[in-house]
Engineer: 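Below is the structure I would like to discuss, written out as structure tokens.
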Amino acid sequence: MPTQQNRSIESTSLRTHLCANLRASDVGSTVTVCGWVARRREHGEHLAFLDVRDYSGIVQCVVDNAVDVRSEWVVQITGKVQPRPDGTVNKNLSTGEIELSDCTITVLNAAEPPPFPIDARADDVDENVRLKYRYLDIRRERMQRNLRIRSKVNSAIRGAMEAQQFVEVETPFLMPSTPEGAREFLVPSRKEPGSFYALPQSPQLWKQLLMVAGIDRYYQIARCLRDEDLRADRQYEFMQLDAEMSFVTKDDVLAAISKAVVAAAEAVLGETPPTIEQITWRDAMNRFGVDKPDMRFGMELVELTAVFSSTEFKAFSSAACIKGIRVDATLYPEQAAYGRNKLDALTDRAKQIGAKGLVWMKVGEGLALDSPVAKFLSDAERASLVSSMGAQNGDLLLLVADEWATTCEVLGTLRNDLARPPVHEGPYKYVWVIDFPLFVGVNATTGKPQPGHHPFCQPHPDDIERLESDPMSVRALAYDLVLNGWELGSGSIRIHDPEMQRRVFRQLGISDEDADKRFGFFLQPFKYGAPPHGGFAFGTDRLVAILAGEENIREVIAFPKTQSGSDPMTNAPTPVNPAQLNELGIRLLPPPAKS
RNA sequence: GGUCCCGUGGUGAAGUUGGAGUUCACGCCGCCCUGUCAAGGCGGAGGUCGCGGGUUCGAGUCCCGUCGGGACCGCCA
């Protein structure tokens with residue numbers, strides 16, 4: 001055993017080397033490894049091979065078949081590194097040229113057979129079983145790799161932020177409830193029964209206060225909690241790089257965040273991504289039909305309103321906006337050849353999203369259009385449509401005529417449904433979506449506009465004069481970062497002027513008194529000299545998943561929850577002792593009656 | 001709250017028109033085996049077909065409900 005002084009970083013009091021780091025250059029030396037028995041191959045009374053695994057990988061040990069060690073037993077093995085005999089080298093292993101012989105085996109712990117194989121075959125095992133035995137799942141190479149990528153990303157982000165003089169400040173987990181936005185997790189107060197803390201949806205309020213406080217540049221790799229339904233890219237708990245800067249414009253923020261994202265990608269992939277391009281929200285909607293465009297593939301929306309400006313076809317003549325997408329028969333032969341059933345399913349999908357209908361046309365020989373509605377169009381309209389869309393024989397054209405937003409959203413969804421590759425497939429396409437609208441839609445109960453991002457976003461300076469006269473046309477200094485069609489995060493320049501904040505609140509239907517009541521602790525500080533500031537937050541789980549080649553963030557989280565929010569390993573959430581509830585002043589309602 | 005898919009020894013699958021808990025691979029246990037590397041050979045154990053109800057002479061299979069898991073819509077300022 002080495003002494004404390006002369007050890008390599010990976011050696012410990014119990015081992016000299018990691019399994020997979022032994023090489024032909026170590027031949028002749030006596031080494032000690034520790035790990036789990038990955039596999040045992042028996043070859044008669046006095047010969048067996050053990051594959052011993054630690055996080056680095058495996059090494060083969062030659063032992064007497066009499067030794068009693070089995071799958072997943074924890075062993076310490078001291079042996080001599082020797083070259084493998086001619087013809088027995090395994091090129092698939094980093095340690096394939098050598099093996100350990102004359103082994104002394106110490107069983108550190110026996111083990112029951114695992115419920116699933118601790119290797120790539122467990123990729124096919126029911127995820128519920130993997131989560132129930134997550135500590136075994138994580139022994140596998142895939143999870144080891146993913147969690148180490150995650151660590152690298154966090155480290156690279158910290159490095160990039162520190163290099164830009166951002167200061168890491170931790171913010172509270174227990175805070176007042178602010179019911180706007182996502183549903184919060186509540187924590188009952190013991191000392192004030194009937195009162196509750198909320199867990200942070202994000203550190204948004206705190207980081208703006210830190211700007212008032214003169215921190216200048218704040219960051220935190222922060223845990224955020226939202227009690228909303230889970231998805232492949234959403235967990236109750238998730239991590240964000242949260243950042244805020246003083247005395248900046250949008251471009252300063254984008255540049256600072258870009259450095260962190262680029263550093264993370266570099267650390268994982270070993271190559272620098274190209275400069276992140278920008279697209280306005282309106283262009284994104286017009287070209288891709290979504291505010292998180294996947295720009296890895298084409299099939300962009302084509303503007304057709306002018307083509308049908310004087311059409312007699314009623315569904316088109318009454319529509320504010322007509323657009324189409326072209327399913328290229330060369331690139332997407334299967335989709336372009338969809339039969340009636342599939343086309344009906346697409347129509348249902350379009351209606352589900354809010355369209356009145358979906359017009360499909362199949363392009364045939366001589367660029368003739370085969371469609372239930374073709375007969376309602378003039379020859380000139382058909383020809384103009386074909387040329388506008390660049391249609392070729394065999395293509396499928398999908399058209400929607402509706403309000404602008406509906407037309408875009410429906411075609412954008414169909415475009416993704418028909419042609420979007422898995423999120424982790426390269427090439428990685430990062431894009432900043434800028435100039436989001438300040439308000440989106442109308443609150444059903446108040447009839448007032450709703451904030452597009454959050455109520456503290458600075459309106460675009462060119463649009464401020466229309467804040468009262470035409471609020472829905474006002475852009476915000478708000479921006480999203482999108483990677484391969486996944487929203488990584490969003491940010492904005494914030495309002496730092498109390499008067500401007502009041503004007504925006506009024507548009508949202510929040511009176512000055514309401515604002516004081518709901519946001520008082522947050523607005524009060526802004527009277528004491530708030531610097532112009534802005535910031536951003538992006539989800540690191542999503543970034544790690546994509547960089548790790550995973551389609552689901554559960555694969556890059558050590559102990560995630562299932563879609564219903566439970567943990568098969570701990571069984572959380574669980575009922576609690578009535579005494580605990582009493583102490584908190586909480587009485588449970590009877591379970592809802594089942595109808 | 002909604003739509004769709006899945007649930008069969010420890011794991012993954014197959015199971016026909018409704019006809020005996022049947023089959024395959026891996027794992028597990030035992031025996032054999034001196035150069036394998038997802039070793040190989042022989043033998044064996046292992047099941048409330050998620051659960052409950054219904055139809056039927058008979059249900060893994062059909063119907064209803066329910067639980068669990070997954071994908072999506074709503075939701076996620």
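Below, chains carry the letters A, B, ... as their sequence lines are ordered, and counting in each starts from 1.
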Engineer: Of all the heavy-atom pairs spanning A:Leu414 and A:Leu358, show the shortest one and how long it is.
Structural biologist: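 Nearest pair, atom of A:Leu414 first, then A:Leu358: CD1-CD1, 3.7 Å.
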
Engineer: Toward the 5' end of RNA chain B, which comes first, A:Pro451 or A:Ser566, by nearest nucleotide?
Structural biologist: A:Ser566

Engineer: Measure CD/A:Glu228 against P/B:C76 and give the value in whole Å, please.
Structural biologist: 6 Å

Engineer: For B:U55 and B:G46, measure between their P atoms and round to the nearest Å.
Structural biologist: 34 Å

Engineer: Just how far, in rounded Å, is C1' of B:U11 from CD of A:Glu72?
Structural biologist: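 Taking CD of A:Glu72 and C1' of B:U11, I get 14 Å after rounding.
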
Engineer: Between A:Glu468 and A:Pro471, what is the shortest heavy-atom contact and its length?
Structural biologist: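 In this case the closest contact between A:Glu468 and A:Pro471 is O-CD, 3.7 Å.
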
Engineer: Looking only at non-hydrogen atoms, find the nearest pair between A:Leu230 and A:Lys561 and report the distance.
Structural biologist: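 Scanning both residues, the minimum pair turns out to be CD2-CB, 4.1 Å.
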
Engineer: If I pick the C1' atom on B:C64 and the same atom on B:A13, what distance separates them, to the nearest angstrom?
Structural biologist: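 It comes out at 28 Å once rounded to the nearest Å.
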
Engineer: Identify the nucleotide, in any strand shown, that forms a Watson-Crick or G-U wobble pair with B:A45, with both distances under 3.5 Å; if there is none, say none.
Structural biologist: none

Engineer: Listing time: all N or O pairs from protein to nucleotides 70-74 of chain B that are below 3.5 Å?
Structural biologist:
unit_1: B:G70; atom_1: OP1; unit_2: A:Gln563; atom_2: N; d: 3.0
unit_1: B:G70; atom_1: OP2; unit_2: A:Gln563; atom_2: N; d: 2.7
unit_1: B:G70; atom_1: O3'; unit_2: A:Arg554; atom_2: NH2; d: 3.2
unit_1: B:A71; atom_1: OP1; unit_2: A:Asn552; atom_2: ND2; d: 2.8
unit_1: B:A71; atom_1: OP1; unit_2: A:Arg554; atom_2: NH2; d: 3.1
unit_1: B:A71; atom_1: OP2; unit_2: A:Gln563; atom_2: NE2; d: 2.6
unit_1: B:A71; atom_1: N7; unit_2: A:Gln563; atom_2: OE1; d: 3.3
unit_1: B:C73; atom_1: OP2; unit_2: A:Arg231; atom_2: NE; d: 3.4
unit_1: B:G74; atom_1: N7; unit_2: A:Arg231; atom_2: NH2; d: 3.0
unit_1: B:G74; atom_1: O6; unit_2: A:Asp229; atom_2: OD2; d: 3.4
unit_1: B:G74; atom_1: O6; unit_2: A:Arg231; atom_2: NH1; d: 2.9
unit_1: B:G74; atom_1: O6; unit_2: A:Arg231; atom_2: NH2; d: 3.2
unit_1: B:G74; atom_1: N1; unit_2: A:Asp229; atom_2: OD2; d: 2.6
unit_1: B:G74; atom_1: N2; unit_2: A:Asp229; atom_2: OD2; d: 3.4

Engineer: Is the ring pair A:Phe456/A:His454 parallel, tilted or perpendicular, if the boundaries are 30 and 60 degrees?
Structural biologist: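 Aromatic pair A:Phe456/A:His454 classed tilted.
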
Engineer: Starting from P on B:U11, measure out to CD1 on A:Ile118 and report it in whole angstrom.
Structural biologist: 13 Å

Engineer: Round to a whole Å and report the spacing from CG of A:Asn92 to P of B:U36.
Structural biologist: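 Interatomic distance, CG of A:Asn92 to P of B:U36: 14 Å.
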
Engineer: Any chance the side chains of A:Gln82 and A:Glu99 put a donor and an acceptor closer than 3.5 Å?
Structural biologist: yes

Engineer: Short question: side chain of A:Arg542, backbone of A:Asp233 - any donor-acceptor pair under 3.5 Å?
Structural biologist: yes

Engineer: In whole angstrom, what separates A:Tyr236's OH from B:C75's C1'?
Structural biologist: 12 Å

Engineer: Which listed nucleotide (B:A38, B:G10, B:C76) is nearest to the side chain of A:Arg39?
Structural biologist: B:A38

Engineer: Please give the nucleotide sitting opposite B:C76 as a Watson-Crick or G-U wobble pair, both distances under 3.5 Å, or none.
Structural biologist: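 The answer is none; no pair meets the criterion.
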
Engineer: Are the charged groups of A:Glu72 and A:Arg70 less than 4.0 angstrom apart, N to O?
Structural biologist: no

Engineer: Side-chain contact test, heavy atoms from C-beta onward, threshold under 4.5 Å: evaluate it for A:Leu438 versus A:Cys457 and give yes or no.
Structural biologist: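 SC-SC contact between A:Leu438 and A:Cys457 confirmed.
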
Engineer: What interatomic distance, in whole Å, is found between P of B:G15 and the corresponding atom of B:C31?
Structural biologist: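 Pairwise P distance, B:C31 against B:G15, rounds to 38 Å.
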
Engineer: For B:G40, give the paired nucleotide (Watson-Crick: N1-N3 plus N6-O4 or O6-N4; G-U: N1-O2 and O6-N3; both under 3.5 Å), or none.
Structural biologist: B:C32

Engineer: Which part of the nucleic acid does A:Gly452 contact within heavy-atom distance under 4.0 Å: base, sugar-phosphate only, or nothing?
Structural biologist: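 Sugar-phosphate, backbone atoms only, no base.
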
Engineer: On RNA chain B, compare the nucleotides closest to A:Val89 and A:Val129; which residue's is nearer the 5' end?
Structural biologist: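 The residue whose closest nucleotide sits nearer the 5' end is A:Val129.
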
Engineer: Sticking with atom P, work out how far B:C49 lies from B:U22, rounded to a whole angstrom.
Structural biologist: 12 Å

Engineer: In whole Å, what is the span from the CZ atom of A:Arg130 to the P atom of B:G12?
Structural biologist: 11 Å

Engineer: Determine whether A:Ile464 and A:Arg503 make a side-chain contact, defined as any pair of heavy atoms from C-beta on separated by less than 4.5 Å.
Structural biologist: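 Sidechains of A:Arg503 and A:Ile464: in contact.
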
Engineer: Say you pick atom P in B:A39 and the same atom in B:C28; how far apart are they, in whole Å?
Structural biologist: 10 Å

Engineer: Using the C1' atoms only, state how far B:U56 lies from B:C72, rounded to an integer number of Å.
Structural biologist: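 Each nucleotide's C1' atom is 38 Å from the other's.
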
Engineer: Is A:Asn90 touching bases, backbone alone, or none of the nucleic acid, heavy atoms closer than 4.0 Å?
Structural biologist: base

Engineer: Does B:G19 have a Watson-Crick or wobble partner in any strand here, with both distances under 3.5 angstrom, and which is it?
Structural biologist: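 With both distances under 3.5 Å, B:G19 matches B:C57.
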
Engineer: Can you measure A:Asp124 atom CG to B:G10 atom P for me and round it to whole angstrom units?
Structural biologist: 19 Å

Engineer: Using the C1' atoms only, state how far B:U23 lies from B:U8, rounded to an integer number of Å.
Structural biologist: 12 Å

Engineer: For this output row, return yes or no: ring centroids of A:Phe526 and A:His496 closer than 6.0 angstrom.
Structural biologist: no

Engineer: Can you tell me if A:Arg140 uses its side chain to pair, donor with acceptor, with the backbone of A:Asp119 under 3.5 Å?
Structural biologist: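 Indeed, once roles are kept as given, a pair shorter than 3.5 Å links the two residues.
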
Engineer: Could you tell me if the side chain of A:Ile553 sits less than 4.5 Å from the side chain of A:Trp486, heavy atoms only?
Structural biologist: yes

Engineer: Roughly how many Å is it from CZ in A:Arg121 to C1' in B:G10, rounded to a whole number?
Structural biologist: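 These atoms are roughly 13 Å apart.
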
Engineer: Quantified in whole Å, what is the C1' atom distance between nucleotide B:G21 and nucleotide B:G9?
Structural biologist: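 About 10 Å, rounded to a whole number of Å.
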
Engineer: Counting N and O atoms only, with roles assigned by atom type, does the side chain of A:Thr104 sit under 3.5 Å from a partner on the main chain of A:Ile77, one being a donor and the other an acceptor?
Structural biologist: no

Engineer: May I ask you to verify if any side-chain N or O of A:Arg41 is less than 4.0 angstrom from the OP1 or OP2 atom of B:U36?
Structural biologist: no

Engineer: Enumerate the protein-to-nucleotides 43-47 of chain B contacts in which both atoms are nitrogen or oxygen and the separation is below 3.5 Å.
Structural biologist:
none

Engineer: Side chain of A:Arg226 only, heavy atoms from C-beta on: which candidate in B:C37, B:G68, B:C76 is closest?
Structural biologist: B:C76

Engineer: Taking any strand in view, what nucleotide pairs with B:C4 in a Watson-Crick or G-U wobble way, both distances under 3.5 Å?
Structural biologist: B:G70

Engineer: Going by distance alone, is a donor N or O of one side chain under 3.5 Å from an acceptor N or O of the other, for A:Asn552 and A:Arg231?
Structural biologist: no

Engineer: Hey, does A:Pro114 reach any base, or is it just sugar-phosphate, or nothing, if we go heavy atoms under 4.0 Å?
Structural biologist: nothing

Engineer: Using a cut-off of 4.0 Å between protein heavy atoms and nucleotide atoms, how would you tag nucleotides 28-35 of chain B 5' to 3' with B, S and -?
Structural biologist: SSS-BBSB

